[in-house]
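Report on the structure given below.
Every heavy atom of this structure was used, including side-chain atoms; hydrogens, water molecules and symmetry mates were not.
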Amino acid sequence: MHIAITTPPTSSAIFIASSGLRFSSSLLSKPSLSKTSLPSPVFRFVSRRSYGVDWRSTATLRAQIGTVAPVVQHFQRKIASMASENPFKGIFTTLPSPGGGEFGKFYSLPALNDPRIDKLPYSIRILLESAIRNCDNFQVTQNDVEKIIDWENTSPKQVEIPFKPARVLLQDFTGVPAVVDLACMRDAMNKLGGDSKKINPLVPVDLVIDHSVQVDVARSANAVQANMDLEFQRNNERFAFLKWGSHAFDNMLVVPPGSGIVHQVNLEYLGRVVFNTDGILYPDSVVGTDSHTTMIDGLGVAGWGVGGIEAEATMLGQPMSMVLPGVVGFKLSGKLQNGVTATDLVLTVTQMLRKHGVVGKFVEFFGEGMSELSLADRATIANMSPEYGATMGFFPVDHVTLQYLKLTGRSDDTVAMIEAYLRANKMFVDYIEPQQEKVYSSYLQLDLGDVEPCISGPKRPHDRVPIKDMKADWHSCLDNKVGFKGFAVPKEAQGKVVSFPFHGQTAELKHGSVVIAAITSCTNTSNPSVMLGAGLVAKKACELGLEVKPWVKTSLAPGSGVVTKYLLKSGLQKYLDQQGFNIVGYGCTTCIGNSGDLDESVSAAITDNDIVAAAVLSGNRNFEGRVHPLTRANYLASPPLVVAYALAGTVDIDFEKQPIGTTKDGKSVYFKDVWPSNEEIAEVVQSSVLPDMFKSTYEAITQGNPMWNKLSVPSSSLYSWDPNSTYIHEPPYFKDMTMDPPGPHGVKDAYCLLNFGDSITTDHISPAGSIHKDSPAAKYLLDRGVDRKDFNSYGSRRGNDEVMARGTFANIRIVNKLLNGEVGPKTIHIPTGEKLSVFDVAMRYKEAGQDTIVLAGAEYGSGSSRDWAAKGPMLQGVKAVIAKSFERIHRSNLVGMGIVPLCFKAGEDADTLGLTGHERYTIDLPSKASDIKPGQDVTVTTNNGKSFTCTIRFDTQVELTYFDHGGILPYVIRNLIKK
């Protein structure tokens with residue numbers, strides 16, 4: 001028998017290996033179920049609709065506890081004494097229910113009677129409550145609590161605090177390696193003589209499979225089923241592994257393929273806002289292995305992306321160490337003009353915040369303009385936090401939040417509990433009441449009436465272009481030298497038109513022709529106003545006789561089944577179908593590069609004539625090489641604008657002056673003729689988006705689908721690794737591991753593996769997209785009998801370290817200064833001068849016992865949080881990265897994998913120091929971790945007599961401890977064995 005009992009305030013956990021009991025104070029959201037009590041053979045699932053109000057009948061719980069009463073009573077006494085150790089027990093108080101009785105008990109911030117709390121931003125209050133509730137003067141101390149209360153004075157000093165999130169969110173691309181690591185850690189525990197079952201999530205873990213579906217079939221009524229069939233054929237082994245994990249690990253929910261996009265499912269269903277666990281009330285908070293976990297911030301839930309490595313440690317009960325962030329107050333006023341969408345707003349906000357500089361900070365929105373934004377609009381803005389660089393874009397809970405909770409099917413009792421708790425703990429914003437001024441680190445303001453229709457691109461999310469300026473901007477991009485806003489197309493070639501046969505008709509392409517138009521991604525598909533707006537554009541176009549050209553690959557990938565329900569209810573899906581926007585699946589698709597192949601004739605026309613083709617998508621990322629290898633220009637746009645650009649067939653257009661098409665009788669049709677008014681959109685939203693749609697969708701989510709239900713998985717707690725598998729492979733992280741930490745490592749006479757400039761993203765570093773036929777990963781697969789047609793994507797093979805190490809730094813658009821202008825995934829083997837794939841060069845160095853480093857510019861590792869962007873370089877033998885600056889999550893992940901992050905001093909970089917990358921580098925570090933201080937200076941010397949000073953980017957003492965152990969996962973294993 002295995003029972004999890006949650007308890008009041010302490011952060012420690014006791015494991016009783018002999019009886020199989022676990023007593024955890026991590027305040028789990030649901031009781032662990034014994035293997036015999038699973039509701040179905042599909043996957044472990046406990047209904048989330050009650051959100052803690054009534055997880056399971058007390059009679060059932062009492063019956064289970066009764067079978068082990070003496071043991072339980074003993075540990076209840078132990079737990080009670082542990083609870084008494086919380087120094088804040090005096091503010092642990094009851095929250096009465098208006099109908100009599102009580103909602104539960106909670107740690108009351110007002111009971112502290114500290115006037116500093118009233119000035120704290122709402123986002124910081126969530127960190128404060130967590131610290132108080134988990135305070136045991138070990139993992140979380142009273143001094144940590146005081147740091148947070150004194151945020152106004154401490155945050156500028158970059159002080160370190162611990163944070164224990166309430167839960168962890170995964171998607172399958174990042175979830176598979178996380179589960180692989182957990183399975184591998186169990187093996188390591190076993191080999192070192194520990195109890196392997198201690199490797200178990202201690203907080204709720206939700207894993208939504210949404211990253212595997214590709215747009216292989218589009219413009220077809222059966223596209224959903226056809227793409228799902230292919231998805232299961234390619235990923236059968238991965239999916240079976242995840243299903244095994246849902247049974248083997250307690251407290252893990254796996255949502256099957258075809259259910260929706262992780263962040264929309266989180267927003268509409270998984271998000272609790274307030275937990276009520278065994279009568280203990282506390283705010284929902286979440287870290288996720290996808291950077292767009294921030295979408296939940298729109299619901300008033302504190303959430304952000306972390307690396308897979310950090311997430312695994314959180315699952316295993318480790319507090320997150322973080323720097324207490326500054327908070328930028330962003331005041332909204334006014335209302336959006338007619339014809340302006342939430343996507344236009346988020347692209348404007350993204351540009352403003354990028355310019356302001358918010359990396360490592362929270363952004364908190366407030367002001368009278370908040371009442372003009374729907375919850376879905378807020379979630380759209382929160383979603384793109386990674387694009388504007390903030391840790392969070394937070395919207396405190398108010399009446400709009402409560403209305404959304406009811407709309408999405410949360411019960412009246414649950415919503416009443418949420419409101420009562422947040423009001424009692426001063427975490428609710430009531431704009432009817434006078435607002436006490438909050439203190440922020442800095443301030444920004446935006447009048448919503450100033451926002452204008454826009455898109456962003458062609459290569460970065462924050463390069464916003466107003467629609468009225470798009471034609472001029474496009475021609476500037478053609479003229480400009482190659483860069484973020486340039487393609488360097490000669491003047492004489494800019495007007496080139498290429499004709500080619502397309503399935504019996506003549507097709508034409510020119511620079512700027514749209515070849516992919518995708519309504520996709522979590523950013524926009526959760527927002528009914530823009531989704532139904534797209535349907536209205538399609539309807540008006542159909543009524544005027546316009547059609548999207550058949551060689552434009554159009555697709556619609558809703559974020560949940562709810563979207564399909566309201567598009568059908570409104571009668572607009574049929575018009576989207578007529579324009580080729582048939583539903584292709586429920587997942588991220590084009591936004592993460594799963595756009596599928598273009599028609600061969602289109603691909604040939606682009607490559608043979610060097611056409612700068614365009615993709616327009618309602619996504620959040622448009623870095624070069626991400627969306628599709630053949631679309632060099634990629635623009636982010638609202639769903640209705642995606643339809644409009646698909647109809648126009650080009651981004652080289654002035655919507656105000658040029659027609660987007662002609663009717664059958666030859667009349668010109670302009671943008672304004674198909675663009676719906678805000679009133680039209682609001683009317684169809686009001687009549688088509690209904691609470692029952694959410695209830696029925698998420699009640700059915702527990703049923704899985706026939707293909708998922710047929711997967712058979714073993715019942716063992718240790719995974720049986722298949723040495724022949726090319727999807728799931730036992731990684732070598734713990735090979736030869738002992739109980740003694742290896743200690744810090746310096747770098748001696750290292751070669752430079754790669755020399756980069758600015759803005760190298762995790763899309764450049766981490767394996768992503770399709771596996772190129774001539775790549776080292778392709779060779780590995782071919783050598784093991786995998787046909788090219790079965791290569792699948794890198795994302796689908798993230799559970800195999802052999803594939804992923806070979807795909808690291810394999811992006812076809814990567815620019816390595818060692819290649820003197822050549823673009824592509826190769827580098828120079830310095831000793832011989834040979835030009836080879838990055839992986840092959842790395843292996844030569846590794847086999848020769850030679851260290852390597854990477855030189856980089858500013859914002860190294862920006863983009864999506866990808867654990868393989870750190871794991872891959874580690875497996876290639878990289879010992880250190882020296883950069884001008886790092887993206888927050890990526891720097892943390894490098895530390896987690898034992899790679900030393902170093903920053904050049906201000907005003908310096910490889911170029912100013914005269915470094916070419918052909919030198920050999922030595923970085924001397926003390927042999928004891930205790931002799932290294934966070935943020936200290938270190939000296940780097942080269943074999944040609946150069947010497948320069950860098951800042952070592954271990955930002956906290958905890959990170960130094962991880963480095964001492966060779967990484968965060970070995971540290972966790974050693975700690976659990978010692979306990």
Side-chain angles (χ1 to χ4, degrees), residues 29 45-55 166-167 169 204 206 208 210 253 255 259-276 283-284 286 288 292-303 342 373-383 395-419 421-422 428 522-532 558-570 586 682 684-702:
S29 71
F45 186 90
V46 176
S47 172
R48 302 298 175 95
R49 187 53 57 209
S50 60
Y51 293 85
V53 174
D54 181 22
W55 287 119
R167 57 190 176 98
L169 186 70
D206 300 311
V208 181
D210 68 344
L253 163 71
V255 177
S259 303
I261 299 176
V262 57
H263 306 305
Q264 188 160 347
V265 174
N266 193 23
L267 190 74
E268 295 175 350
Y269 182 59
L270 297 171
R272 282 76 152 174
V273 184
V274 172
F275 271 82
N276 184 346
D284 188 4
V286 60
H292 295 103
T293 299
T294 54
M295 188 170 191
I296 200 67
D297 302 339
L299 195 66
V301 173
L373 295 181
S374 70
L375 194 291
D377 291 345
R378 298 174 182 190
T380 300
I381 296 169
N383 177 280
F395 290 81
V397 175
D398 60 12
H399 286 106
V400 172
T401 319
L402 302 181
Q403 290 165 7
Y404 180 82
L405 291 171
K406 290 181 179 179
L407 169 68
T408 50
R410 275 81 163 191
S411 71
D412 289 343
D413 287 345
T414 299
V415 176
M417 178 269 292
I418 289 170
E419 181 177 6
Y421 169 78
L422 295 174
F428 186 86
C522 51
T523 308
N524 289 290
T525 62
S526 60
N527 194 325
S529 64
V530 292
M531 295 301 287
L532 290 165
S560 80
V562 176
V563 179
T564 301
K565 285 183 168 70
Y566 64 63
L567 283 172
L568 290 171
K569 167 80 173 168
S570 66
Y586 297 88
V684 72
V685 169
Q686 185 69 28
S687 61
S688 304
V689 184
L690 306 171
D692 283 347
M693 295 176 176
F694 294 89
K695 287 181 181 177
S696 60
T697 297
Y698 288 109
E699 283 168 0
I701 210 172
T702 65

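M295 has its side chain within reach of L267: a pair of non-hydrogen atoms, C-beta onward, lies under 4.5 Å apart. In this structure, Y404 and V273 have side chains that are not in contact, with every pair of non-hydrogen atoms separated by 4.5 Å or more. For the pair T293 and V286, the minimum side-chain heavy-atom distance is below 4.5 Å. A heavy-atom distance below 4.5 Å is found between the side chains of R167 and L270.
Shown here for P558 and V563, the closest heavy-atom pair between the two residues is CB-CB, 3.7 Å. In plain terms, the two heavy atoms of Y421 and V274 that are nearest each other are CD2-CG2, 3.6 Å. Of all heavy-atom pairs between S570 and V684, the closest is CB-CG2, 3.7 Å.
One distance of note links CG of N266 with OG of S526; it measures 11.0 Å at 0.5 Å rounding. Annotation: the span from D412 atom CG to K406 atom NZ amounts to 5.5 Å, rounded to 0.5 Å. To the nearest 0.5 Å, atom CG of residue D284 and atom CD1 of residue I418 are 9.0 Å apart. Distance check: L253 CG to D206 CG gives 5.0 Å after rounding to the nearest 0.5 Å. Atoms CE and OG, on M531 and S688 in that order, are 13.0 Å from each other to the nearest 0.5 Å. The CG atom of L405 sits 12.0 Å away from atom CD of E268, with the distance rounded to the nearest 0.5 Å.
Taking V689 as the reference, L407, P528, L532, Y566, V685, F694 meet the side-chain contact (heavy atoms from CB on, under 4.5 Å) condition, with sequence neighbours excluded. With sequence neighbours left out, the side-chain hydrogen bond (donor to acceptor under 3.5 Å, both in side chains) criterion links T525 to Q264. Residues passing the side-chain hydrogen bond (donor to acceptor under 3.5 Å, both in side chains) test with D377 are S374, N527, sequence neighbours excluded. By the side-chain contact (heavy atoms from CB on, under 4.5 Å) test, T401 pairs with L299, L375, R378, V397, D398, sequence neighbours left out. A search for side-chain hydrogen bond (donor to acceptor under 3.5 Å, both in side chains) contacts involving N383 returns T523, N620, not counting sequence neighbours. Every side-chain hydrogen bond (donor to acceptor under 3.5 Å, both in side chains) that T564 has, sequence neighbours left out, goes to Y586.
When atom types are taken as modelled, the side chain of D297 and the backbone of A382 share no donor-acceptor pair closer than 3.5 angstrom.
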Report task. Would you check, one step at a time, whether the test side chain to side chain contact (heavy atoms under 4.5 Å, CB included) holds for L373 with V400? Result -> CA-CA 8 Å; L373 295 181; V400 172; over 6 Å; no
